[in-house]
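What follows is a single structure, written as structure tokens, with notes after it.
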Amino acid sequence: MSLTVLIGGARSGKSSLAVDIGQRLDAKSAAPSDPGSNGSVTFIATAPSFDGDMADRIARHRTERPAHWTTVEEQIELAAAISGATAGLVIVDCLTLWTSNLIWAEQPDTAIRELATAAASAAERRDGPVVVITNEVGLGIVPENELARRYRDIHGWVNQEWVRRSDRALHLVAGRAAPLVDPWTLLDDS
């Protein structure tokens with residue numbers, strides 16, 4: 001497992017699966033007498049705390065993770081956060097909010113694409129595994145307002161870039177996963 005992307009809708013089980021992956025890695029790599037002593041997981045959180053509800057969500061997510069994991073809160077500089085993570089598993093939660101953060105930071109679409117490519121490249125270069133969480137936001141109707149259409153379009157591109165570079169991509173629905181495959185592996189007749 002080098003670069004894994006978990007994609008799906010809200011409450012589809014993406015974050016829970018990522019935490020489970022980290023806990024299983026902890027169980028395999030920790031010394032039996034001192035579980036988790038090696039700091040084997042770095043959790044990169046991209047969520048901004050902009051209101052009471054988000055603050056509550058962030059607090060709830062923190063309690064769902066083991067206390068010995070390293071948490072890095074980074075809303076913009078994702079490539080640097082990934083590159084700076086210590087050895088072991090890196091979990092990024094999530095690209096959905098990261099894309100939104102970049103839009104609110106008034107980054108043009110070209111810059112967001114460049115930042116997504118740089119961050120995905122940083123994940124590819126890591127010696128340890130990376131699990132990235134993201135939402136699929138393009139399954140509904142075309143949004144009525146321009147900002148929502150822009151977000152849907154640029155985030156769709158961000159997702160494509162990360163999945164294209166991934167070793168494994170899983171689409172989660174109701175806590176179950178289906179593998180995503182390159183369509184040309186299914187369409188190629190030769």
Side-chain angles (χ1 to χ4, degrees), residues 1-24 41 43-65 71 73-76 78 81-82 89-105 107 109 112-113 115-117 119-120 123 129-183 185-186:
M1 177 173 63
S2 193
L3 175 56
T4 300
V5 175
L6 305 178
I7 187 169
R11 302 291 168 260
S12 61
K14 305 175 304 290
S15 294
S16 296
L17 179 57
V19 169
D20 287 348
I21 291 168
Q23 289 173 328
R24 286 180 184 213
V41 179
F43 192 95
I44 300 173
T46 64
S49 180
F50 51 80
D51 64 20
D53 178 59
M54 280 304 291
D56 290 346
R57 288 172 184 260
I58 291 168
R60 187 177 65 247
H61 277 288
R62 282 184 186 138
T63 64
E64 293 169 354
R65 299 189 299 264
T71 297
E73 294 183 359
E74 180 52 60
Q75 298 173 11
I76 301 292
L78 186 54
I82 292 168
L89 172 67
V90 171
I91 298 173
V92 177
D93 192 0
C94 70
L95 295 180
T96 313
L97 289 170
W98 179 70
T99 302
S100 176
N101 297 340
L102 294 172
I103 289 174
W104 287 118
Q107 293 287 335
D109 292 358
I112 294 171
R113 289 173 76 126
L115 291 166
T117 298
V130 179
V131 174
V132 179
I133 300 162
T134 191
N135 283 41
E136 173 52 64
V137 298
L139 292 175
I141 61 172
V142 175
E144 186 175 318
N145 70 71
E146 182 180 349
L147 178 60
R149 286 190 302 272
R150 176 183 176 220
Y151 174 76
R152 181 211 49 196
D153 292 347
I154 194 65
H155 186 61
W157 189 91
V158 167
N159 284 344
Q160 287 183 53
E161 179 68 5
W162 278 85
V163 169
R164 183 179 65 78
R165 292 170 175 272
S166 71
D167 299 299
R168 179 181 316 147
L170 300 176
H171 182 231
L172 275 85
V173 177
R176 298 292 189 218
L180 299 178
V181 298
D182 181 336
T185 63
L186 302 172

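Everything numeric here is computed off the predicted structure, so don't read it as measured data. What's counted below: heavy atoms across the whole structure, side chains too, no hydrogens, waters or symmetry copies.
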Keeping the roles fixed (side chain from Asn101, backbone from Thr46), state whether a donor-acceptor pair exists under 3.5 Å.
yes
Interatomic distance, Glu73 atom CD to Ile44 atom CD1 [nearest 0.5 angstrom]
11.5 Å
Between Thr4 and Pro129, is any pair of side-chain heavy atoms under 4.5 Å apart?
no
If every non-hydrogen atom of Ile82 is compared with every non-hydrogen atom of Ala119, which pair is closest and at what distance?
CD1-O, 3.8 Å
Not counting sequence neighbours, which residues clear side-chain hydrogen bond (donor to acceptor under 3.5 Å, both in side chains) with Arg176? List them please.
none
Going by atom type alone, with no hydrogens or angles, which donor-acceptor pairs under 3.5 Å involve a side-chain atom of residues 138-148 and a protein atom two or more places apart or on another chain?
| unit_1 | atom_1 | unit_2 | atom_2 | d |
| --- | --- | --- | --- | --- |
| Asn145 | OD1 | Leu147 | N | 3.2 |
| Asn145 | OD1 | Ala148 | N | 2.7 |

By side-chain hydrogen bond (donor to acceptor under 3.5 Å, both in side chains), which residues pair with Asn135, not counting sequence neighbours?
Lys14, Thr96
May I ask you to test the Leu95-Leu78 pair for a side-chain heavy-atom distance under 4.5 Å?
yes
For Gln23, what residues pass the side-chain hydrogen bond (donor to acceptor under 3.5 Å, both in side chains) criterion, not counting sequence neighbours?
none
So CZ of Arg113 and OG1 of Thr99: to nearest 0.5 Å the spacing works out to 12.0 Å
From His61 NE2 over to Phe43 CZ, what is the distance, rounded to the nearest 0.5 angstrom?
7.5 Å
Quick note, ring-ring contact (aromatic ring centres under 6.0 Å, His included) partners involving residues 152-174, not counting sequence neighbours, are Tyr151-His155
Which pairs pass side-chain hydrogen bond (donor to acceptor under 3.5 Å, both in side chains) with one or both residues in residues 49-59, sequence neighbours excluded?
Asp53-Arg57
Partners of Ser15 by side-chain hydrogen bond (donor to acceptor under 3.5 Å, both in side chains), sequence neighbours excluded?
Asp93
Tell me the salt bridge (Lys or Arg N to Asp or Glu O under 4.0 Å) pairs involving residues 150-161, sequence neighbours left out?
Asp109-Arg150, Glu161-Arg164, Glu161-Arg165
Mind checking side chain to side chain contact (heavy atoms under 4.5 Å, CB included) for Leu170 and listing every partner two or more places apart, or none if nothing turns up?
Leu6, Leu17, Arg168, Leu172, Ala177, Pro179
Which heavy atom of Ser12 sits nearest a heavy atom of Gly9, and at what distance?
OG-O, 2.8 Å
Drop me the distance from Leu115's CG to Ile76's CD1, to the nearest 0.5 angstrom.
8.5 Å
Of the non-hydrogen atoms in Leu3 and Ala123, which two are nearest, and what is the gap between them?
CD1-CB, 4.0 Å
